[in-house]
Amino acid sequence: MYTITKEFHFSASHQLFGLPEGHQCARLHGHNYIVVVELKAEDLNAHGFVRDYLDLAPLKRYIDDELDHRHLNDVLGDDMVTAERMAKHFYDWCRAKWPEVSAVKVSETPKTWAEYRP
Ligand SMILES: Nc1nc2c(c(=O)[nH]1)N=C([C@H](O)[C@H](O)COP(=O)(O)OP(=O)(O)OP(=O)(O)O)CN2
Ligand SMILES: [Zn+2]
């Protein structure tokens with residue numbers, strides 16, 4: 001099995017609702033997000049690729065146009081924009097375009113990662 005990954009970066013704000021009183025993430029704040037998309041294939045294509053990294057350019061466009069420097073609660077219509085839910089959001093978005101997508105990881109801080117892998 002072959003695996004490739006590509007990383008995408010953006011900055012955005014969010015606010016998590018429904019957390020215990022005083023939780024720091026209930027306040028409006030922002031992160032420098034990192035998204036890592038993983039793709040898998042048993043066999044390589046005629047070019048020796050799982051898939052050309054270049055094919056993932058639409059995800060960069062989506063991130064730059066729709067998410068970068070925006071308020072994620074508004075854009076995604078979600079009051080629980082956690083890293084876990086972001087990972088699932090990106091997985092669904094990518095999977096609709098590229099069947100080789102096997103997992104997506106999202107980092108909000110240098111020390112945290114959440115992954116969605118069906
Ligand atoms: N399982 C999850 N827990 C938390 C999430 C999340 O998406 N999934 N999100 C947050 C906050 O939005 C934010 O990411 C803060 O994370 P935290 O690690 O608490 O950040 P800090 O930099 O303040 O942590 P230090 O302990 O100071 O390193 C919270 N939890
Ligand atoms: Zn946060």
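Atoms within each ligand, like the ligands themselves, are counted from 1 in listed order. Numbers for residues simply follow the sequence, beginning at 1.
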message: Give the atom numbers and elements of ligand 1 that come within less than 4.0 Å of a heavy atom of His31.
response: 12 (O), 13 (C), 14 (O)
- request: Kindly state whether the ring of His14 and the ring of His29 have centres lying under 6.0 angstrom apart.
  value: yes
- request: For the atoms NE2 of His31 and NE2 of His14, give the angle they form at the Zn ion (ligand 2), rounded to 10 degrees.
  value: 110°
message: Suppose I only count heavy atoms of Leu16 and a 4.0 Å limit; which atoms of ligand 1 are within that range?
response: 9 (N), 12 (O)
query: Should Arg85 be listed as contacting ligand 1, given a heavy-atom distance under 4.0 Å as the test?
result: no
- prompt: Could an N or O of ligand 1 be found under 3.5 Å from any N or O of His23, whether backbone or side chain?
  reply: no
- prompt: Considering distance alone, does some N or O of Thr82 sit under 3.5 Å from an N or O of ligand 1?
  reply: no
message: Does ligand 1 come near enough to Thr109 that some N or O of the ligand is less than 3.5 Å from an N or O of the residue?
response: no
field: Atoms in ligand 1 flagged as close to Cys25, the criterion being non-hydrogen separation under 4.0 Å
entry: 10 (C), 11 (C), 12 (O), 13 (C), 15 (C), 29 (C)
- prompt: Can you check whether a protein heavy atom sits less than 4.0 angstrom from atom 14 (O) of ligand 1?
  reply: yes
query: Protein heavy atoms: any of them under 4.0 Å from atom 26 (O) of ligand 1?
result: no
- prompt: What is the nearest protein non-hydrogen atom to atom 9 (N) of ligand 1, stated with its residue, atom name and distance?
  reply: Glu108 OE1, 3.1 Å
field: For Thr112, atoms of ligand 1 separated by under 4.0 Å from a heavy atom
entry: 18 (O)
message: Could you tell me, atom by atom, which parts of ligand 1 come under 4.0 Å of a heavy atom of His14?
response: 12 (O)
- prompt: At what distance is the nearest protein heavy atom to atom 1 (N) of ligand 1, and which residue and atom is it?
  reply: Glu84 OE2, 2.7 Å
field: Short N/O/S contact of Cys25 with the Zn ion (ligand 2) (below 2.8 Å)
entry: no
message: Just checking Tyr2: does its OH atom have more than 12 heavy atoms from other residues, nucleotides or ligands closer to it than 6.0 angstrom?
response: no
message: Below 4.0 angstrom, counting only protein heavy atoms, does anything approach atom 3 (N) of ligand 1?
response: no
task: Starting from atom 17 (P) of ligand 1, locate the nearest protein heavy atom and write down its residue, its atom name and how far away it is, to 0.1 Å.
output: Gln24 NE2, 4.1 Å
query: Protein heavy-atom contact under 4.0 Å for atom 7 (O) of ligand 1?
result: yes
query: Roughly how far, to the nearest 0.5 Å, is CG of Asp74 from CD of Gln15?
result: 10.0 Å
message: Which residue and atom name correspond to the protein heavy atom nearest atom 28 (O) of ligand 1, and how close is it?
response: Lys111 NZ, 2.7 Å
query: Using 30° and 60° as the class limits, which term best fits the ring planes of Tyr33 and His31: parallel, tilted or perpendicular?
result: perpendicular
task: Would you tell me whether His69 and Ser11 have side-chain atoms, one donor and one acceptor, within less than 3.5 Å of each other?
output: no
query: Within the structure, does Ala83 bring an N/O atom to less than 3.5 angstrom of an N/O atom in ligand 1?
result: yes
